[in-house]
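Right, one structure below, let's go through it.
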There are 2 protein chains.
Amino acid sequence: MLSKSTEYAIRALVFVQLRNWEQKRPGVGEIAKEIEAPEAYTAKILQTLTKNKLLDSIKGRGGGFFFNDNQSNLTLYDVIHVVEGDACFHKCGFGLKQCNNDNPCPLHENYKVVRDGFFDIVKTETVKSLSEKILHGDAVLNRLKL
Amino acid sequence: MLSKSTEYAIRALVFVQLRNWEQKRPGVGEIAKEIEAPEAYTAKILQTLTKNKLLDSIKGRGGGFFFNDNQSNLTLYDVIHVVEGDACFHKCGFGLKQCNNDNPCPLHENYKVVRDGFFDIVKTETVKSLSEKILHGDAVLNRLKL
DNA sequence: TTATAAAAGGATATCAATGTCCTTTTATAA
DNA sequence: TTATAAAAGGACATTGATATCCTTTTATAA
């Protein structure tokens, strides 16, 4: 399971993408409200994202968050990596420090399939691909369609 | 990812099973050492397991932990359910409160596959099945074979 | 040029998971 | 019957994730 912070981050980025497509740069307040996350906490997460160059921002009046040209096609993995680290893609499901094909825990073979399946998803899906699903009405960002 | 507590619980139960097959009832000290977990914390987890009838114990001199006849074929799901709850099998991967086939988040279809795959594993694998792999030398409980 | 609106940043608070310590209860061996 | 060994239980400590608040910096509109 992803951490709450990571969930907020991904939802925030998707919302920024949708607003950017409407030629808008949303601010913290608008983003937090839309993704149903606490405002100050959302601000912190957006800070992490901009510091790590996953997102761009402009300060001051009329400012807000947006993607620049280097930041299209951000994968979910990129976001997870920056927000909570990628331990979940390496860790043994049984909790062993030393667990690999040569020295497998009793869950190793089965767990690997699931873990790698998830890795594949987050390496394939991008902020843009998720946003498109919402734009096309095939998915929702919160309880209602946008 | 399972919580640390759940990992300790599963490893502890597997070790108890292995020792039971040798006609022994391990105590907290022996269990904690074998699974490389803090002793007092392991004691708490074993308490949870016995209170929830997943494991039996005998107090006093010569006492220890063991499975009784009602407790064979415990699935990993049973353990997870008792130790950390089963939120991870229901929760939306994107963090939405309302997410289902009619009202899907943009990760819904893909995430469902992974989540259900994991559910299938923990409903199929049992403390006994894991223990057998170790007994047969096909897997390890810690860094070395038992 | 100044007032204002917005992100950035620092300090602190809260909460749940993890971990420790000490006392109580209970069974058995001596 | 008593000393001892073991689990059970209660209280507390630590840590990391989550969350809040206030100040500083910066860009723009008036």
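Basis for what follows: all heavy atoms, side chains included, without hydrogens, waters or symmetry-related copies. Residue numbers start from 1 in every chain, and the chains themselves are labelled A, B, ... in the order their sequence lines are given, proteins ahead of strands.
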Take the protein atom [atom1] of [X] and the nucleotide atom [atom2] of [N], then report the distance between them rounded to whole Å.
X     : N      : atom1 : atom2 : value
B:E30 : D:dA7  : CD    : C1'   : 15 Å
A:I45 : D:dT20 : CD1   : C1'   : 13 Å
B:L55 : D:dA6  : CG    : P     : 17 Å
A:R25 : C:dA5  : CZ    : C1'   : 13 Å
A:K24 : C:dA6  : NZ    : P     : 13 Å
B:F66 : D:dA7  : CZ    : C1'   : 12 Å
A:K51 : C:dA8  : NZ    : P     : 9 Å
B:I58 : D:dA8  : CD1   : C1'   : 15 Å

Margin query: For B:S5 and B:Y41, which I'm curious about, is there any donor-acceptor pair between the side chains at under 3.5 Å?
Written below: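 Yes - a donor-acceptor pair under 3.5 Å links their side chains.
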Checklist line | A:N110-B:E125 side chain donor-acceptor pair, cut-off 3.5 Å | finding: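 Checked: A:N110/B:E125 side chains pair up, N/O donor to acceptor below 3.5 Å.
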Note to self: Judged by each residue's nearest nucleotide on DNA chain D, which is more toward the 5′ side, A:Y41 or A:G63?
What the structure shows: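 Its nucleotide being nearer the 5' end, the pick is A:Y41.
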Notebook entry, point to check: So which one's nearest nucleotide on DNA chain C is more toward 5', A:G60 or B:A40?
Noted result: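 First, find each residue's nearest nucleotide; the 5'-ward one identifies A:G60.
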Output the single nucleotide from [options] whose closest atom is nearest the side chain of [X].
X     : options                : answer
B:Q47 : C:dG19, D:dA27, D:dA8  : D:dA8
A:T50 : C:dA8, D:dA27, C:dT20  : C:dA8
B:S3  : C:dA7, D:dT20, C:dT18  : C:dT18
A:P38 : D:dT20, C:dT20, D:dA27 : D:dT20
B:Y8  : C:dG9, D:dT18, C:dG19  : C:dG19
B:R61 : D:dA7, C:dA7, C:dT28   : C:dT28

Margin query: At less than 4.0 Å, is any side-chain N or O atom of B:K4 found next to OP1 or OP2 of C:dG19? Yes or no.
Written below: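 Affirmative; the distance criterion is met.
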Check: Should B:S57 be listed as having a side-chain N or O under 4.0 Å from OP1 or OP2 of D:dA6?
Finding: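 Looking at the OP1 and OP2 atoms of D:dA6, neither is under 4.0 Å from any side-chain N or O of B:S57.
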Next item on the list: Just call it for B:G29: base, sugar-phosphate, or nothing, with non-hydrogen atoms closer than 4.0 Å on any strand.
Entry: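 Result for B:G29 = nothing.
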Notebook entry, point to check: For A:L46, which contact category applies under a 4.0 Å heavy-atom criterion: base, sugar-phosphate, or nothing?
Noted result: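 No contact at all - A:L46 keeps every heavy atom at 4.0 Å or more from the nucleic acid.
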Next item on the list: Report the residue from B:L55, B:L54, B:N73 that forms a side chain to side chain contact (heavy atoms under 4.5 Å, CB included) with B:F67.
Entry: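 When side chain to side chain contact (heavy atoms under 4.5 Å, CB included) is applied between B:F67 and each of B:L55, B:L54, B:N73, only B:L55 qualifies.
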Next item on the list: Give me the one residue out of A:D86, A:I80, A:D78, A:L2 that meets side chain to side chain contact (heavy atoms under 4.5 Å, CB included) with A:V122.
Entry: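 Filter result, single survivor: A:I80.
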Check: Is it true that B:F118 and A:F118 have ring centroids separated by less than 6.0 Å?
Finding: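 No; A:F118 has its ring centre 6.0 Å or more from that of B:F118.
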Next item on the list: Would you please indicate if the ring centroids of A:Y111 and A:F94 are separated by under 6.0 Å?
Entry: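 No, the ring of A:Y111 stays outside the 6.0 Å limit from the ring of A:F94, centre to centre.
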Notebook entry, point to check: Is D:dG10 paired to anything, Watson-Crick or G-U wobble with both distances less than 3.5 Å, and if yes, which nucleotide?
Noted result: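 Across any shown strand, D:dG10 pairs with C:dC21.
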Item checked: Any strand: nucleotide that pairs with C:dA29 via Watson-Crick or wobble, under 3.5 Å ->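 Partner of C:dA29: D:dT2.
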Next item on the list: Report yes or no: is there a donor-acceptor pair, N or O only, under 3.5 Å between the side chain of B:K44 and the base of D:dG10?
Entry: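 Result: at least one qualifying N/O pair found.
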